[in-house]
Amino acid sequence: MYLPDLPADSALAQHAQRRWNGPCTHTPYATVPLPLDLTTLSRSTCRDHQRRRRALHALGDRITYHRTHTTDQLLASYPVLEQLHHQRNADRPPTGTLAAGPRLPWPAVLASCAPVAFVASLTLDGQPIAAQLCLHRGTRAYSLLAGMDPHHRALAPGHGLLSLLAEDLTAAGFTALDLGRTTADPGQHAYKAAYGATWRLSSSLSTHPTSSLIPPAAPGAPCRSTPAA
């Protein structure tokens, strides 16, 4: 049995660790409170936000933000997001949602959960340069998959999209955007911290020490803080 992403301080995670005493990893999760409060960030971080915002504004109508609201829009946007995700991670080993292995039937999944899912995207001259798939419940949104075109890295399209998405969600009454798992890449941690993210640890546990889903640990060893992307 494999139990992924349990809040590390929850009674369930602690009981499971004591009872099964098997392999376990800890992964930091990031949540951005909405609305964004840039006054809590360092001066250098605020200057970076302002510089990126000026660069996008300078492009005027060439830059367009959109968030899907219908099933047709969602299903049409997902293949674009998937392509951007692959472009962004072309030089990285496959991990996470689109890792190597049996492909999930994402169009069918999204068609079934369209009322609680959306894709937010950023385009330049009509060409997608960043996109993000999210689920939502109540006033909280959860980012599942993100991608960007590395050829437009100088524009920081991922930052531009996240800023506009945060504004859009705030206007729609959302109070938090969960950015999910955070790998050991310092750039990913800094990217999320730049939006005032708060952090919690999640535990992933297995009842079998040879499980291929998480690295093995010595019997009785505590959960390790190694990332699970």
Undergrad: Can you name the nearest heavy-atom pair linking Leu34 to Ala166, along with the distance?
TA: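 Heavy-atom minimum between the residues: CD2-CB, 3.8 Å.
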Undergrad: Apply side-chain contact (heavy atoms from CB on, under 4.5 Å) to Thr139 and list each qualifying residue two or more places apart in sequence or on a separate chain.
TA: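 If we apply the side-chain contact (heavy atoms from CB on, under 4.5 Å) test to Thr139, skipping adjacent residues, the hits are Thr175.
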Undergrad: Kindly give the cluster partners of Leu38, where membership spreads through any ILVMFWY side chain lying under 4.5 Å from a current member.
TA: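 Grouped by the 4.5 Å side-chain rule, Leu41 form the rest of the cluster around Leu38.
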Undergrad: For the residue pair Ala130 and Gly158, what are the closest heavy atoms and their distance?
TA: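 Looks like CB-N, 4.3 Å.
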Undergrad: Ignoring hydrogens, what is the shortest heavy-atom contact between Ala117 and Leu135? Give both atom names and the distance.
TA: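 Nearest pair, atom of Ala117 first, then Leu135: CB-CD2, 3.5 Å.
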Undergrad: Which heavy atom in Leu84 sits nearest to a heavy atom in Pro128, and how many Å separate them?
TA: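 Looks like CD2-O, 3.8 Å.
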Undergrad: Might you point out which heavy atoms bring Thr31 and Pro33 nearest each other, and give the distance in Å?
TA: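 Where Thr31 meets Pro33 most closely, the heavy atoms are O-CD, 3.5 Å.
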Undergrad: If I take atom CG from residue Leu144 and atom CZ from residue Arg181, how far apart are they, to the nearest 0.5 angstrom?
TA: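 So the gap between those two atoms works out to 11.5 Å.
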Undergrad: Using every non-hydrogen atom in the two residues, find where Val80 and Ala76 come nearest and quote the distance to one decimal.
TA: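 Closest pair (atom of Val80, atom of Ala76, distance): CG2-O, 4.0 Å.
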Undergrad: Could I get the full list of side-chain hydrogen bond (donor to acceptor under 3.5 Å, both in side chains) partners for Asp168, not counting sequence neighbours?
TA: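 side-chain hydrogen bond (donor to acceptor under 3.5 Å, both in side chains) check on Asp168 returns Tyr65, Arg67.
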Undergrad: Within the distance-only criterion (no hydrogens, no angle test), does the side chain of Thr68 pair as donor or acceptor with the backbone N or O of Val119 below 3.5 angstrom?
TA: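 Indeed, once roles are kept as given, a pair shorter than 3.5 Å links the two residues.
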Undergrad: Can any side-chain N or O of Thr45 pair as donor or acceptor with the backbone N or O of Ala194 at less than 3.5 Å?
TA: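 Here the side-chain-to-backbone pair does not exist.
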Undergrad: Taking the side chain as every heavy atom from C-beta outward, state whether Leu56 and Arg52 have any pair of such atoms under 4.5 Å apart.
TA: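 No; the side chains remain at least 4.5 Å from each other.
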Undergrad: For residues 105-130, pull every pair meeting salt bridge (Lys or Arg N to Asp or Glu O under 4.0 Å), keeping only residues two or more places apart or in separate chains.
TA: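 Listed once each, the pairs are Arg62-Asp125.
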Undergrad: So, the side chain of His26 versus the backbone of Ser202: is there a donor-acceptor pair under 3.5 Å, distance only?
TA: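 Looks like no, no N/O pair under 3.5 Å.
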Undergrad: Out of curiosity, does Tyr78 fall in the hydrophobic cluster containing Val109 (side-chain heavy atoms, cut-off under 4.5 Å, transitive links)?
TA: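 Yes, one cluster joins them.
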Undergrad: Do Leu133 and Ser143 come close enough that some side-chain heavy atom pair is under 4.5 Å?
TA: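 Sidechains of Ser143 and Leu133: no contact.
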Undergrad: Hey, does Leu179 have a side-chain heavy atom less than 4.5 Å from the side chain of Val32?
TA: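 Yes; the side chains approach each other to less than 4.5 Å.
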Undergrad: Can you find a heavy atom in the side chain of His49 that is under 4.5 Å from one in the side chain of Cys46?
TA: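 Not in contact.
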Undergrad: Hey, quick one: are Leu164 and Leu59 part of the same hydrophobic cluster, counting side-chain heavy atoms closer than 4.5 Å, chains of contacts allowed?
TA: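 The answer is yes; both residues are in one hydrophobic cluster.
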Undergrad: Name all pairs fulfilling the ring pair (Phe, Tyr, Trp, His ring centres under 6.0 Å) condition that reach into residues 145-187, sequence neighbours left out, sorted by first residue then second.
TA: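 Sorted pair list: His136-Phe174, His159-Tyr191, His159-Tyr195.
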Undergrad: When rounded to the nearest 0.5 angstrom, what distance separates OG1 in Thr123 from NE2 in His66?
TA: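 Thr123 OG1 to His66 NE2: 10.0 Å, rounded to 0.5 Å.
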Undergrad: Can you name the residues that form a side-chain contact (heavy atoms from CB on, under 4.5 Å) with Thr39, not counting sequence neighbours?
TA: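 By the side-chain contact (heavy atoms from CB on, under 4.5 Å) rule, Thr39 matches Asp37.
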Undergrad: May I ask you to test the Leu169-Phe118 pair for a side-chain heavy-atom distance under 4.5 Å?
TA: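 They are in side-chain contact.
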Undergrad: May I ask you to check whether over 12 heavy atoms, not counting those of Arg51, lie within 6.0 Å of atom CZ?
TA: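 For Arg51, atom CZ is crowded (more than 12 foreign heavy atoms under 6.0 Å).
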Undergrad: Any donor-acceptor pair under 3.5 Å linking the side chain of Gln87 with the backbone of Met148?
TA: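 Checking the backbone N and O of Met148 against the side chain of Gln87, no donor-acceptor pair under 3.5 Å is found.
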Undergrad: If you group Ile, Leu, Val, Met, Phe, Trp and Tyr by side-chain heavy-atom gaps below 4.5 Å, do Ile63 and Leu165 land in one group?
TA: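 Result: yes, single cluster for both.
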Undergrad: With hydrophobic residues grouped by side-chain heavy-atom distances under 4.5 Å, do Leu122 and Leu36 end up in a single group?
TA: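 Result: yes, single cluster for both.
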Undergrad: Applying the 4.5 Å side-chain criterion to the ILVMFWY set and letting contacts propagate, would Tyr142 and Leu110 be lumped into a single cluster?
TA: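 Not linked; separate clusters.
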